[in-house]
Amino acid sequence: QVQLVESGGGLVQAGGSLRLSCAASGFTLEDYAIGWFRQAPGKEREGLSCLTSSDSTTYYADSVKGRFTISRDNAKKMVYLQMNSLKPEDTAVYYCAAKAGIFIDTAQAMCVTDVIETMGYWGQGTQVTVSS
């Protein structure tokens with residue numbers, strides 16, 4: 001049974017940092033493309049940062065480029081999102097996602113919500129709140 005469990009969310013002041021973690025189980029992480037998405041109230045879910053299964057390409061949305069860093073530890077079956085210089089507009093529920101690497105050519109292709117909806121997997125989400 002595939003499972004993704006996020007942790008590390010919370011309340012932080014603007015300018016602060018958080019590190020989100022995603023524990024993967026039920027599949028071989030190194031064979032999967034991974035990504036982080038977020039959804040703010042009243043907005044659509046958006047892809048923030050993704051990696052292909054081979055880590056050959058990385059994608060960052062313009063809104064987080066230079067501030068967020070995605071990484072994975074296949075041996076520990078963990079995925080991370082380091083978030084620095086947080087802004088109030090970063091407030092959202094953050095989701096970890098995974099999809100079999102054979103279906104994903106580029107990291108940017110992975111960072112599309114509809115792509116995950118088809119044969120992909122979501123975590124349950126973790127709330128991040130950035131106060132001004």
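For the single chain, residues carry numbers from 1 onward in sequence order. Because the structure is a prediction, the values reported are computed rather than measured.
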So, taking the atom named CE in Met83 and the one named CZ in Arg19, what distance separates them when rounded to the nearest 0.5 Å? 11.5 Å

Let me check something: do Val12 and Leu81 share a hydrophobic cluster, defined by ILVMFWY side-chain heavy atoms less than 4.5 Å apart, either directly or through other members? yes

Would you mind reporting whether Leu48 and Tyr94 have side-chain heavy atoms less than 4.5 Å apart? yes

Going only through I, L, V, M, F, W and Y residues with side-chain contacts under 4.5 Å, is there a path from Leu29 to Leu4? yes

Is any side-chain heavy atom of Leu20 closer than 4.5 Å to a side-chain heavy atom of Val128? yes

Between the CD1 atom in Ile34 and the OG atom in Ser49, the distance rounded to the nearest 0.5 Å is 8.0 Å

Are the side chains of Asn84 and Thr69 in touch, meaning some heavy atoms are under 4.5 Å apart? no

Are Val5 and Phe37 in one and the same hydrophobic cluster, where Ile, Leu, Val, Met, Phe, Trp and Tyr link if side-chain heavy atoms are under 4.5 Å apart? no

Pair Lys87 + Asp90, salt bridge at N-O below 4.0 Å: no

Closest non-hydrogen atom pair, Ile116 against Ala97: CG2-CB, 3.9 Å

Could you tell me which residues satisfy side-chain contact (heavy atoms from CB on, under 4.5 Å) with Phe103, sequence neighbours excluded, listed by chain and number? Lys99, Ala100, Met119

Hey, can you pull the donor-acceptor pairs under 3.5 Å for the side chains in residues 52-59, sequence neighbours left out?
from: Thr52; atom 1: OG1; to: Ser56; atom 2: N; distance (Å): 3.1
from: Thr52; atom 1: OG1; to: Ser56; atom 2: OG; distance (Å): 3.1
from: Thr52; atom 1: OG1; to: Thr57; atom 2: N; distance (Å): 3.2
from: Ser54; atom 1: OG; to: Ser56; atom 2: N; distance (Å): 3.4
from: Ser54; atom 1: OG; to: Ser56; atom 2: OG; distance (Å): 3.0
from: Asp55; atom 1: OD1; to: Arg72; atom 2: NE; distance (Å): 3.0
from: Asp55; atom 1: OD1; to: Arg72; atom 2: NH2; distance (Å): 3.4
from: Thr57; atom 1: OG1; to: Ala107; atom 2: N; distance (Å): 3.0

Test item: Thr126 side-chain N/O and Ser7 main-chain N/O as donor-acceptor pair under 3.5 Å: no

Mind checking whether Tyr32 and Ile70 sit in one hydrophobic cluster, side chains of I, L, V, M, F, W, Y counted as touching below 4.5 Å? yes

To the nearest 0.5 angstrom, please state how far the CD1 atom of Ile104 sits from the CG atom of Leu51. 12.0 Å

Less than 4.5 Å apart, any side-chain heavy atom of Gln127 and any of Leu11? no

Nearest atoms (heavy-atom pairs only) where Ser132 meets Ala14: CA-CB, 4.4 Å

Through direct or indirect side-chain contacts below 4.5 angstrom among Ile, Leu, Val, Met, Phe, Trp and Tyr, which residues connect to Tyr80? Met78

Do Glu46 and Ser63 touch side chain to side chain, with heavy atoms closer than 4.5 Å? yes

Once you round to the nearest 0.5 Å, how far does CG of Leu18 lie from CD of Gln82? 8.5 Å

Main-chain N/O of Arg67 paired with Tyr60 side-chain donor or acceptor, under 3.5 Å: no

Applying the 4.5 Å side-chain criterion to the ILVMFWY set and letting contacts propagate, would Val79 and Met110 be lumped into a single cluster? no

Would you check if the side chain of Glu6 reaches a backbone N or O of Gly125 as a donor-acceptor pair within less than 3.5 Å? yes

In sequence, state the C-alpha distance, the side-chain angles, and the governing distance for Cys96 and Trp122, and then conclude on side chain to side chain contact (heavy atoms under 4.5 Å, CB included). CA-CA 6 Å; Cys96 176; Trp122 294 105; over 6 Å; no

Would you mind telling me which of Arg38, Arg45, Gln124 makes a side chain to side chain contact (heavy atoms under 4.5 Å, CB included) with Tyr95? Arg45

For Tyr121 and Phe27, take the angle between the two ring planes, folded into 0 to 90°, and tell me which bin it lands in: parallel under 30, tilted 30 to 60, perpendicular over 60. parallel

